[in-house]
Amino acid sequence: MTARGAFIGPIIDDLDTISSRVRARSKLGHTDLNRILEDFFKELLNLIYKANLVNLNESRRNAPGLDLGDTTSAIKRAFQVTSQASSQKINKTLHAITDADAALYDEIYVLVIGERQAKYQLDTSQAKRVGFEHPNIIGMTELASRIIGSEIDTIRAVYEKLRAELQRITVELEVAIDGKFATSLGGVVEDRPAVERSDASLLFAYDESGGLFASREEAQAALNGFIDRLELLPRMTRQFLGWLLDNTDLALGLDKPGMPSTGLSVNADLVSRKHSDQRVLHEDIRLLRSWKFVDYDDDGDGNSPRISIGFPGAHKTNLSEALPYFLFDRKLSAETLFSTMNFTVFGPPPVANIPVLAKKKRRNALRKK
């Protein structure tokens, strides 16, 4: 899929989601569009048309016929934003537009949050007075077509705007039924994942002669420490961390004997080029850095920066060496492992009555006190 295609699909889906919520409100008799939605489409249209629209209702309450206007750009545009697509609504809007506004703006549009009708019976005299024609009625399909025909930077900006605002907008558009809203915190906040832990017997046996761990219990304690930290991350962030591990120079076979070692790290430019959503990428990197799962190194020497992988919760152990090599040698995916949180690839689930080494150490420390 091209970068353009990766953005277009979600944009169309998000616009359809907003339209569906507006349509549901209209069926319940709520045809008004609140200030938040007007401001949202103001910002969206500014991106699409490269305009400087302002909310006209800020300076004059319910500006006659028009909600948004731009008088500073080369092409002066104005929009009425509505949930109603009927000829009656369009003609009512045209009648409400003052002669002063008709003379002020080069182009006047009606933006329908939904689909426009196939045919309209416009008031000919009013349409002529305002300079309004059928193509000046824009539904979500027409808006999407305008976006698709835009430059990639504009498409990306629209995508990021929708991703950032969709949840807030859809919640704002909800109508309470019997005093209750369909969306609750439980529907938007991700739960902690179910975790399948391991006794780490296979992980220990994998390098028993190498001395990375003194015992199976030590390997299990290190693995559990890492899992305890990993399960705090959102699923998509965990999956991204796994993808990073799967794309280190070591995993890709680029860290060869006799060559300067890049360690357990990823080419940051490769990550940036492959990730389609730069905002999400930066958020994930920021979160992972703050919790010591990754570090970002840029020597400023003209070479690509590096993203190095860490194993918080297992510091002062050799898990950072044992776990990656175990996965690489068996051609297992860290992306899948961190997403599913099923760690039985390292050995069967632990027997419940066998305490983990870390717990033993804590109990011993308490006894000493």
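Quantities reported herein were computed from a predicted structural model and do not represent experimental measurements.
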Check: For the hydrophobic clusters of this structure (ILVMFWY residues joined by side-chain heavy atoms under 4.5 Å, transitively), does one cluster hold both V266 and L281?
Finding: yes

Next item on the list: Quickly, which of F41, Y49, F132 forms a ring pair (Phe, Tyr, Trp, His ring centres under 6.0 Å) with F79? Name it, please.
Entry: Y49

Next item on the list: State, with a plain yes or no, whether a side-chain heavy atom of F328 is found less than 4.5 Å away from one of L252.
Entry: no

Check: For the residue pair F226 and F338, is the inter-centroid distance of their aromatic rings smaller than 6.0 Å?
Finding: yes

Check: What residues, two or more places apart in sequence or in another chain, satisfy ring-ring contact (aromatic ring centres under 6.0 Å, His included) together with F240?
Finding: H275

Checklist line | K50 and T154 side chains, donor-acceptor separation under 3.5 Å | finding: yes

Next item on the list: For atom NZ of K92, decide whether the heavy atoms of other residues, nucleotides or ligands shown that lie under 6.0 angstrom number more than 12.
Entry: no

Margin query: Are more than 12 heavy atoms, taken from residues, nucleotides or ligands other than R330, located less than 6.0 Å from that residue's CZ atom?
Written below: yes

Checklist line | Residue pair S86 / Q117, side-chain donor-acceptor N/O under 3.5 Å | finding: no

Margin query: Quick one, F293 and L233 - any side-chain contact, counting heavy atoms below 4.5 Å?
Written below: yes

Note to self: What I want to check is whether the side chains of T237 and D284 have a donor and an acceptor closer together than 3.5 Å.
What the structure shows: yes

Check: For atom CD of Q121, is the number of surrounding heavy atoms from other residues, nucleotides or ligands below 6.0 Å larger than 12?
Finding: no

Note to self: Would a single hydrophobic cluster contain both I152 and L143, if residues Ile, Leu, Val, Met, Phe, Trp and Tyr are joined by side-chain heavy-atom contacts under 4.5 Å?
What the structure shows: yes

Check: For N55 and D39, does a side-chain donor sit closer than 3.5 Å to a side-chain acceptor?
Finding: yes

Notebook entry, point to check: Going by heavy atoms in the side chains, are R21 and I113 under 4.5 Å from each other?
Noted result: no

